[in-house]
Amino acid sequence: MKGAGYLVLADISGYTAFVAQTEIDHSGQILEDLTRTVVDEMRAPLRVQEIEGDAVFAYAHTGDFDRGIVLLEVLEAVYAAFRGALDNIAHASTCTCKACGRALELDLKFVVHHGEFVARQVGAHSGIGGADVILAHRLLKNTIRERHGLASYAFFTTAAVERMGLRDLAAGLTPHDETYEHLGRVEGVVHDLAAFWESFKSARDIRTVPDDAFFTASADLPVAVPLAWEFFTNPHHRKVWLAADDLDVEPSADGRYGRGAVEHCVHGKETAVFRTVDWKPMRYVTQAIQLPLGGHVLFTFSFEPSPTGTRVSAVYSPPQHDRAVQRMLLRALVTLTGRTVRAELAACMDRYCAMLRQRAAAGDATPPVAVAG
């Protein structure tokens, strides 16, 4: 059967030298743990097709992502988990062997291509193949490190960029091209993941906690984390479950919907202003809702994989203000209107969950799958 979609390879850089020059027992365990981290984070709708030594091959059908930016965010989340695991090995271990001492020499890179493929069956093994699959694999052997000095990156071919709808974002990335025998010239852009990681690490975590919450809600949904994330972060879907007449988004400095983005949510003559203060793709979003007197309410939506799909939790703080008098006035106001406000928040959560359950019922959601191998 013929299909089309995104072809993704995640490759652990420095694999061969690490294995050859360190103790086999510890290096083998470290690489196994890191590979498992990559596989676990490459969640549905990406389908992990095969583990190929130091590389993981996955794919997704074109329609599995409503917006291409979500695929980019999935890869950033994979890289963040990989680097976090690497730092734990390097800094938390008391082992003095070469493998543990040299773990930070490892890194991760991605290749993303969009093209056609055909399903194939060889004995008990099923998979996909075709010229575009060959090209995606060939792209792992490239000159990006030599030409641009990058060891950790995501290389998106022009075919992937165009299908993902990321031309504006790609304009700010590093252009790159490769030429291969029989396959010709391939153009694309390089996303610097080392720079992303530094920004990710330096960003302060801001999350609300249930201990002193004004409102909490949670639900188990039969969809994969990327789809639950997509329905929370896509302005088109947000307008529906927020029951807004209009939703205007001012993107963050890098042009993306993330930390620093501001939303104006219009309900009749009233406009609620949401400012994104923390953004951890596929994990959680924290936003501040502007209140009178210069105050705000913080709330965190978090997304955790569960045996049946995704557990989504929402935690809203009481009103916040730097000045005690205004904070007291705001809390008194919320006390008077608390029942109505909680009902409105619960209604939003119910609409959000209903939309995702409807998507799952229609057969468009990809549930979590076990990875073979």
Side-chain angles (χ1 to χ4, degrees), residues 6-11 13 41 46 60 62 65-83 107-115 135-136 139-140 142-179 185-204 226 229-230 232-236 238 247-264 274-283 285 287:
Y6 301 104
L7 308 168
V8 181
L9 284 126
D11 179 66
S13 306
E41 290 295 324
L46 280 173
T62 301
F65 289 97
D66 286 357
R67 295 178 302 151
I69 190 68
V70 177
L71 174 54
L72 172 61
E73 291 172 338
V74 167
L75 300 187
E76 288 178 339
V78 174
Y79 187 76
F82 176 88
R83 286 300 303 266
D107 216 322
L108 187 65
K109 61 186 180 185
F110 298 93
V111 165
V112 183
H113 180 50
H114 185 275
L135 172 59
L139 286 168
L140 284 177
N142 58 58
T143 58
I144 291 174
R145 185 164 192 165
E146 292 77 7
R147 290 165 59 182
H148 308 294
L150 299 177
S152 50
Y153 57 83
F155 176 58
F156 295 88
T157 65
T158 298
V161 168
E162 291 182 349
R163 192 61 189 83
M164 294 168 72
L166 299 182
R167 285 187 180 182
D168 290 344
L169 180 63
L173 302 180
T174 303
H176 182 76
D177 66 274
E178 295 284 346
T179 301
R185 187 166 182 259
V186 183
E187 296 180 330
V189 293
V190 182
H191 179 33
D192 183 352
L193 290 175
F196 156 77
W197 174 242
E198 290 305 314
S199 175
F200 184 92
K201 285 195 304 179
S202 63
R204 183 169 65 94
W229 172 266
E230 158 70 13
F232 183 83
T233 59
N234 186 332
H236 171 74
R238 286 177 62 79
L247 186 70
D248 178 59
V249 179
E250 299 174 14
S252 55
D254 62 2
R256 293 166 60 176
Y257 182 91
R259 183 189 293 263
V262 177
E263 293 177 317
H264 298 268
F274 297 79
R275 180 169 53 88
T276 302
V277 297
D278 198 2
W279 177 270
K280 296 295 188 299
M282 309 298 141
R283 288 168 172 76
V285 179
Q287 293 184 308

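All heavy atoms count here, side chains included; hydrogens, waters and symmetry mates do not.
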Tell me if the NE2 atom of His236 is crowded by more than 12 foreign heavy atoms within 6.0 Å.
no

Minimum heavy-atom distance Arg259-Ser252, with the two atoms named
O-CB, 3.0 Å

Taking every heavy atom of Val186 against every heavy atom of Leu135, the minimum-distance pair comes out as CG2-CD1, 3.6 Å

Would you tell me whether His191 and Glu76 have side-chain atoms, one donor and one acceptor, within less than 3.5 Å of each other?
yes

With a 4.0 Å cut-off, would you call Glu41 and Arg283 a salt bridge?
yes

Heavy-atom side-chain contact between Leu72 and Arg256 under 4.5 Å:
yes

Flag for Tyr257-Arg238: side-chain donor and acceptor within less than 3.5 Å
yes

Please report the interatomic distance CD(Glu73) to CE(Met282), rounded to the nearest 0.5 Å.
5.0 Å

side-chain contact (heavy atoms from CB on, under 4.5 Å) assessment of Glu263 paired with Gln287:
CA-CA 10 Å; Glu263 293 177 317; Gln287 293 184 308; 3.6 Å; yes

Can you tell if the side chain of Ile144 reaches within under 4.5 Å of the side chain of Phe155, non-hydrogen atoms only?
yes

Salt bridge (charged side-chain N to carboxylate O under 4.0 Å, His left out) pairs, two or more places apart, involving residues 168-177:
Arg147-Asp177, Asp177-Arg185

For the CD atom of Glu162 and the OG1 atom of Thr157, what is their distance to the nearest 0.5 Å?
9.0 Å

Are any non-hydrogen side-chain atoms of Asp107 and Tyr79 less than 4.5 angstrom apart?
yes

On a heavy-atom basis, which atom in Pro251 and which in Val249 lie closest, and how many Å separate them?
CD-O, 3.6 Å

Decide side-chain contact (heavy atoms from CB on, under 4.5 Å) for His176 and Thr143; before the verdict, give the C-alpha distance in whole Å, the side-chain angles of both, and the deciding distance to 0.1 Å.
CA-CA 9 Å; His176 182 76; Thr143 58; 3.5 Å; yes

Could you walk me through whether Leu71 and Tyr6 pass the side-chain contact (heavy atoms from CB on, under 4.5 Å) test, one step at a time?
CA-CA 9 Å; Leu71 174 54; Tyr6 301 104; 3.7 Å; yes

Counting C-beta onward and ignoring hydrogens, is there a side-chain heavy-atom pair between Leu9 and His113 closer than 4.5 Å?
no

Just verifying a value: how many Å separate Leu150 CG and Lys109 NZ, rounded to the nearest 0.5 Å?
11.5 Å

Quick one: are Trp279 and Thr233 in side-chain contact, heavy atoms under 4.5 Å?
yes

Ring centroids only, cut at 6.0 angstrom: are Trp197 and Phe200 within range, meaning strictly under it?
yes

Are Val161 and Val112 packed together at the side-chain level, in the sense that at least one heavy-atom pair is separated by less than 4.5 angstrom?
no

Do Val285 and Thr276 have side-chain heavy atoms sitting under 4.5 Å apart?
yes

Heavy-atom check, side chain of His264 versus side chain of Glu250, under 4.5 Å:
yes

Run the salt-bridge test on Lys280 and Asp278 with the 4.0 Å N-O cut-off and return the result as yes or no.
yes

Ignoring hydrogens, what is the shortest heavy-atom contact between Ala136 and Leu7? Give both atom names and the distance.
CB-CB, 4.1 Å

Worked check of side-chain contact (heavy atoms from CB on, under 4.5 Å) between Leu193 and Phe110
CA-CA 10 Å; Leu193 290 175; Phe110 298 93; 3.6 Å; yes

What are the two closest non-hydrogen atoms of Glu230 and Asn234, and how far apart are they?
OE2-ND2, 2.5 Å

For a quick test of reading the model, state the closest non-hydrogen atom pair linking Ala170 to Val189 and the distance between them.
O-CG1, 3.8 Å

Nearest 0.5 angstrom please: Thr62 OG1 to Arg163 CZ, how far?
5.0 Å

